[in-house]
There are 2 protein chains.
Amino acid sequence: MLAVVPETVDAAAVAFPPCDLQSLCLAHASKHFGAEEEIYGEGEPAEWVFRVLSGSVRIFTVLDDGRRQIHAFHFPGDVFGLENGADYSQSAEAICDSQVEIGRRTVLDAASTQDCQTARELWLLTAEALRRAREHLVMLGRKTARERVAGFLVEMQRRSGQPNIIDLPMSRIDIADYLGLTIETVSRTLNEFQRTGLIDLPRYRHVRLCNSRLLDAMAA
Amino acid sequence: MLAVVPETVDAAAVAFPPCDLQSLCLAHASKHFGAEEEIYGEGEPAEWVFRVLSGSVRIFTVLDDGRRQIHAFHFPGDVFGLENGADYSQSAEAICDSQVEIGRRTVLDAASTQDCQTARELWLLTAEALRRAREHLVMLGRKTARERVAGFLVEMQRRSGQPNIIDLPMSRIDIADYLGLTIETVSRTLNEFQRTGLIDLPRYRHVRLCNSRLLDAMAA
DNA sequence: CGCGTGGTTGACACAGATCAACCAGAGTGG
DNA sequence: CCACTCTGGTTGATCTGTGTCAACCACGCG
């Protein structure tokens with residue numbers, strides 16, 4: 001049976017600490033997804049709700065001609081796949097090997113009609129997602145490539161616990177599709193930041209922030 | 001006292017029918033706002049929740065240097081100003097003369113901790129706002145100016161009851177700031193659509209859709 | 001009548017896209 | 001241990017969609 005109890009996520013297994021701080025209990029079933037594996041597709045019946053235990057997940061929309069927009073990256077502790085309609089309105093894939101907790105939506109729905117606390121928890125999660133979507137919206141609608149990349153780095157840094165070094169699980173393509181840019185622009189901008197001493201790119205998918213204060217200011 | 005009862009909005013006073021179909025009862029207080037008048041500002045304590053009775057409202061964010069991104073337009077029946085944090089995370093202004101229903105957030109909060117139905121209602125509203133924000137996100141991240149303008153017209157047409165003629169309450173600047181474009185690009189694109197026979201611009205802030213099927217396809 | 005505001009149009013500039021070549025590291029197989 | 005290839009990332013040259021700047025137009029109002 002579902003209950004709302006405080007729950008801690010195994011800190012040892014967690015590369016990025018939970019950012020949707022919440023106590024919602026889904027279930028005790030969990031499943032593994034390999035890199036690039038689909039978790040659900042847009043239009044499929046939304047029967048399940050998920051929480052990342054380890055690894056990372058991307059939520060995205062693909063247009064008919066293949067253009068893709070990534071809506072969000074999810075890290076350990078984050079809940080995703082929460083829908084109010086019958087079907088998923090986006091797709092989800094594991095970015096790298098990931099362990100994902102799975103709960104039945106019907107059970108959660110039932111719980112939320114009986115327990116106001118659960119209902120409020122669901123609302124809180126969705127409201128937080130909305131707040132982030134709106135920040136993202138300003139980024140895509142009104143910011144330059146430099147501001148977007150700086151904003152992305154600051155966001156990732158904030159969500160990774162580490163103070164300065166970021167260990168990115170995603171490729172340049174994912175970053176580009178999240179920021180509404182091309183991989184070339186992302187690459188050029190990151191290397192420009194390195195040349196100007198803002199960051200260091202020590203190795204594959206690692207970024208060290210040398211001046212996160214300035215970077216933060218650049219994100220506008 | 002707040003209660004959750006089915007409620008109908010006065011159809012005669014409604015230019016655009018409600019799009020957030022919901023039965024949430026706020027209060028029976030209502031207030032008038034003149035054109036361009038602020039309803040609340042980003043960062044102010046979020047003490048009130050609103051519903052448009054007549055007129056139209058824009059929700060937006062302004063960056064330090066004045067760049068503005070409009071997140072949403074709200075028409076009669078729409079609820080706005082619902083926050084989970086302490087403060088409003090965007091600003092709201094009346095676009096034209098508008099009558100707005102006002103409810104205390106504390107009362108709604110209290111109701112939602114006692115009544116699951118109210119709590120679910122709040123969740124539904126927020127989930128619908130999220131769904132729209134994500135559609136908007138794809139538009140800003142991955143679509144061309146033509147696709148954005150076509151999408152905007154289709155969206156406005158869908159939300160206005162009228163089959164073909166749209167009576168826009170907002171200026172070119174508002175449209176541009178909603179679509180992440182400049183007023184010049186919006187103006188050029190609309191006039192290009194007129195030249196190619198897609199639409200007709202009979203008079204100030206009125207658009208007639210001549211080929212909404214094609215327009216729909218163009219929105220991608 | 002003059003002025004102010006919102007919208008249109010044109011000329012030109014530029015940020016970022018596109019196209020293409022190249023490079024580095026990880027497998028893989030001989 | 002060395003070719004070979006594959007994938008993800010970088011870099012350069014060029015193109016183009018949209019922004020910028022500026023002039024102009026049309027309508028409403030004092």
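Only this structure's heavy atoms are used, side chains among them; waters, hydrogens and symmetry mates stay out. Source: prediction; values computed, not measured. Each chain gets a letter, A, B and so on, in the order its sequence line appears, and its residues count up from 1.
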Pairs satisfying side-chain hydrogen bond (donor to acceptor under 3.5 Å, both in side chains), at least one member in residues 207-216 of chain A, at least two apart: none
In whole angstrom, give the distance that lies between atom CD1 of A:I183 and atom C1' of C:dT18. 11 Å
Decide, yes or no, whether a salt bridge links A:E192 with A:R146 under the criterion of side-chain N to carboxylate O below 4.0 Å. yes
A:I95 CD1 to D:dG8 C1', in whole Å, measures 15 Å
Take atom CZ of B:R203 and atom P of C:dG6, then tell me their distance rounded to the nearest Å. 19 Å
Sequence-distant partners of A:F193, ring-ring contact (aromatic ring centres under 6.0 Å, His included), two or more places apart: none
Between D:dT10 atom C1' and A:Y204 atom OH, what is the distance in whole Å? 13 Å
Taking CD1 from A:I175 and C1' from D:dG8, how many angstroms apart are they, rounded to a whole number? 12 Å
Hits for salt bridge (charged side-chain N to carboxylate O under 4.0 Å, His left out) against B:E38, two or more places apart or cross-chain, chain-then-number order -> none
Can you tell me how far C1' of D:dG9 sits from NE2 of A:H206, to the nearest Å? 15 Å
Counterpart residues, side-chain contact (heavy atoms from CB on, under 4.5 Å), relative to A:H32 (two or more places apart): A:D97, A:Q99
Residues in ring-ring contact (aromatic ring centres under 6.0 Å, His included) contact with A:H71, at least two apart in sequence or another chain: none
Integer-rounded Å distance: D:dT10 P and A:I173 CD1: 12 Å
Please give me every residue in residues 190-202 of chain A whose heavy atoms get under 4.0 Å of an atom in DNA chain C, ordered by residue number. none
For B:R58, check salt bridge (charged side-chain N to carboxylate O under 4.0 Å, His left out) against everything at least two apart and list the hits. B:E36, B:E93, B:D174
Pairing residues for A:D200 by the side chain to side chain donor-acceptor pair (under 3.5 Å) criterion, not counting sequence neighbours: A:Q194
Atom pair CD/CD1 of B:Q90 and B:I70 - distance to nearest 0.5 Å: 12.0 Å
State which residues pass side-chain contact (heavy atoms from CB on, under 4.5 Å) with B:T185; sequence neighbours excluded, sorted by chain then number. B:A145, B:L181, B:T182, B:T189
All N/O contacts under 3.5 Å from nucleotides 22-28 of chain C to the protein, with atom names and distances to one decimal?
none

Set of residues satisfying ring-ring contact (aromatic ring centres under 6.0 Å, His included) with respect to B:Y88, sequence neighbours excluded: B:Y40
If a protein heavy atom is under 4.0 Å from the base, mark B; if only from the sugar-phosphate, S; if neither, -; do that for nucleotides 14-30 of chain D going 5' to 3'. ----SSBB---------
